[in-house]
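Encoded as structure tokens, the structure appears first; notes follow it.
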Number of protein chains: 2
Amino acid sequence: METKDLKQAGLKATLPRIKILSLMEENTVRHVSAEDVYKTLLESGEDLSLATVYRVLTQFEQAGLVTRHHFEGGHSVFELNEGGHHDHILCVKCGRVDEFVDAVIEERQQKIAAEKGYDMTDHSLYIFGICQACQKL
Amino acid sequence: METKDLKQAGLKATLPRIKILSLMEENTVRHVSAEDVYKTLLESGEDLSLATVYRVLTQFEQAGLVTRHHFEGGHSVFELNEGGHHDHILCVKCGRVDEFVDAVIEERQQKIAAEKGYDMTDHSLYIFGICQACQKL
DNA sequence: CTCTAAATGCGAACGATTCTCATTAACCTT
DNA sequence: AAGGTTAATGAGAATCGTTCGCATTTAGAG
């Protein structure tokens, strides 16, 4: 129930927020832009404004419900936080996105931050390449 | 001589391109936005348009002379390609940027790409944290 | 059920970047 | 070194993603 998730995150359970969270919890989406969310909900007959989508997604990000990615091309992409931290590998041809976790890399990053005198708070790692399907084209 | 670098990259040696490349080759800058380049050159008495700065930086990127980074906050930052590949560690408080290379991470990335069936072309890794100076504030 | 603060919708505003198109400058030719 | 061709530039309008301001609506406490 999205209502409970929202309350736990300290957010009022308003209609737009419920709809957006509910959409992101469908496992058919994974990585969506604000525009995607807006269009999809409009098509489903919901009536909300694009500004609200941006506001809500930003709140979700601050509440730790979603992560904002800066996939190239200017616009942001949002992903539901579930199943813990992971990084991404993207196909530069077709845009396909896969996920991975690597303990060795995670650990090295901590070490590097420490060596440079930083108190590490976060990181972002994207591997770019050509996926198996696109290699055959 | 910037003129030769430009010719080798397949670009006409025009005045704006020479000025911009020359600015980026000063080791005082490292990471600059289009706006930075524009303002700096205006202050040096050069007369060029912001549109040209964007065009030229994009061409430099395509020619492999510079790399475009998507440091958060919407705008792009450019860096001269020299001294080989490296990754970045950024302070989330003051914006300071340091560089590093880690062979272990580089190698793990190749391995992960291979496991996922990707032919890796590139990657981007940013570590975020609080730098030594900002920790003391 | 009522009230109050918080959330929303709408359209204007915004910052970064790109485009259009008339003008200018590079570089090949002579 | 001068001229012609073509690509590059300048200036400002246009576009894109995103945010803001403000009047209206709604969630949730009392």
Side-chain angles (χ1 to χ4, degrees), chain A residues 1-23 31-42 44-63 65-78 95, chain B residues 1-23 31-42 44-63 65-78 95:
Chain A
M1 201 84 263
E2 294 80 22
T3 302
K4 212 172 67 186
D5 297 337
L6 288 169
K7 295 254 170 96
Q8 283 183 348
L11 296 169
K12 269 199 206 172
T14 65
L15 219 42
R17 297 214 260 241
I18 292 168
K19 299 297 180 190
I20 294 172
L21 184 53
S22 161
L23 174 62
H31 305 94
V32 282
S33 68
E35 196 73 31
D36 293 337
V37 170
Y38 178 62
K39 283 189 189 147
T40 306
L41 288 178
L42 277 198
S44 311
E46 307 300 336
D47 189 26
L48 45 41
S49 105
L50 183 54
T52 299
V53 174
Y54 275 104
R55 276 187 294 236
V56 169
L57 287 173
T58 302
Q59 292 157 354
F60 283 6
E61 183 193 10
Q62 288 165 349
L65 291 173
V66 306
T67 299
R68 182 194 301 256
H69 295 287
H70 298 281
F71 291 172
E72 62 217 87
H75 67 298
S76 299
V77 174
F78 299 84
Chain B
M1 201 84 264
E2 295 81 20
T3 302
K4 214 170 67 183
D5 297 336
L6 288 169
K7 296 254 170 97
Q8 284 183 346
L11 297 169
K12 269 198 207 173
T14 66
L15 219 42
R17 298 213 261 240
I18 292 168
K19 297 297 180 191
I20 294 172
L21 183 54
S22 162
L23 174 63
H31 305 93
V32 282
S33 68
E35 195 74 32
D36 293 337
V37 170
Y38 177 60
K39 282 190 188 143
T40 307
L41 288 178
L42 278 198
S44 311
E46 307 300 335
D47 188 28
L48 82 180
S49 104
L50 182 54
T52 299
V53 175
Y54 276 105
R55 276 186 295 235
V56 168
L57 287 174
T58 302
Q59 292 155 355
F60 283 5
E61 183 192 12
Q62 288 165 348
L65 292 173
V66 306
T67 298
R68 181 195 302 256
H69 296 288
H70 298 281
F71 292 172
E72 64 216 86
H75 68 296
S76 300
V77 174
F78 299 84

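Protein chains get the first letters and strands the later ones, always in sequence-line order, with residue 1 at the start of each.
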Would you tabulate the side-chain donor-acceptor contacts of residues 48-57 of chain B under 3.5 Å, counting partners in other chains and residues two or more places apart, or write 'none'?
residue: Ser49(B); atom: OG; partner: Ala51(B); partner atom: N; Å: 3.2
residue: Ser49(B); atom: OG; partner: Thr52(B); partner atom: N; Å: 3.2
residue: Ser49(B); atom: OG; partner: Thr52(B); partner atom: OG1; Å: 3.4
residue: Thr52(B); atom: OG1; partner: Arg55(B); partner atom: NH2; Å: 3.3

Using distance only, find each side-chain donor-acceptor pair of residues 11-21 of chain B under 3.5 Å and give its atom names and separation, not counting sequence neighbours.
residue: Arg17(B); atom: NE; partner: Lys12(B); partner atom: O; Å: 3.0
residue: Arg17(B); atom: NH1; partner: Gln59(B); partner atom: OE1; Å: 2.7
residue: Arg17(B); atom: NH2; partner: Lys12(B); partner atom: O; Å: 3.4

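Within the 4.0 angstrom heavy-atom criterion, only backbone atoms of the sugar-phosphate kind lie near Ser76(B); the bases stay farther away.
With sequence neighbours excluded, no residue satisfies side-chain hydrogen bond (donor to acceptor under 3.5 Å, both in side chains) with Thr40(A). In this structure Ser22(A) satisfies the side-chain hydrogen bond (donor to acceptor under 3.5 Å, both in side chains) test with no other residue, sequence neighbours excluded. Residues passing the side-chain hydrogen bond (donor to acceptor under 3.5 Å, both in side chains) test with Gln62(B), sequence neighbours excluded: none. For Glu35(B), there are no salt bridge (charged side-chain N to carboxylate O under 4.0 Å, His left out) partners, not counting sequence neighbours.
Rounded to an integer number of Å, the gap from Glu35(A) CD to dT19(D) P is 13 Å. Nucleotide dT15(D) holds its P atom 18 Å from the OH atom of Tyr54(B), rounded to whole Å.
Using a 4.0 Å cutoff to heavy atoms of chain A, the contacted part of DNA chain C runs 5' to 3' from dA6(C) to dG11(C).
In terms of position along DNA chain C, the nucleotide closest to Gln59(A) lies nearer the 5' end than the nucleotide closest to the other residue of the pair Gln59(A) and Thr58(B). Between Arg55(A) and Phe78(A), the residue whose closest nucleotide on DNA chain D is further toward the 5' end is Phe78(A).
Over its length, the helix from dC1(C)-dG30(D) to dT30(C)-dA1(D) turns its helix axis by 30°, as judged from the five terminal pairs at each end, rounded to 10°.
The shortest distance between side-chain heavy atoms of Ser76(A) and His70(A) falls below 4.5 Å.
Atoms NE2 and CZ, on His31(A) and Phe78(A) in that order, are 12.5 Å from each other to the nearest 0.5 Å.
Looking at every heavy atom in both residues, Thr58(B) comes nearest to Arg68(B) through OG1-NH2, 3.2 Å.
Within residues 5-21 of chain A, the residues approaching DNA chain C are Lys12(A), Thr14(A), Pro16(A), Arg17(A), by heavy-atom distance under 4.0 Å.
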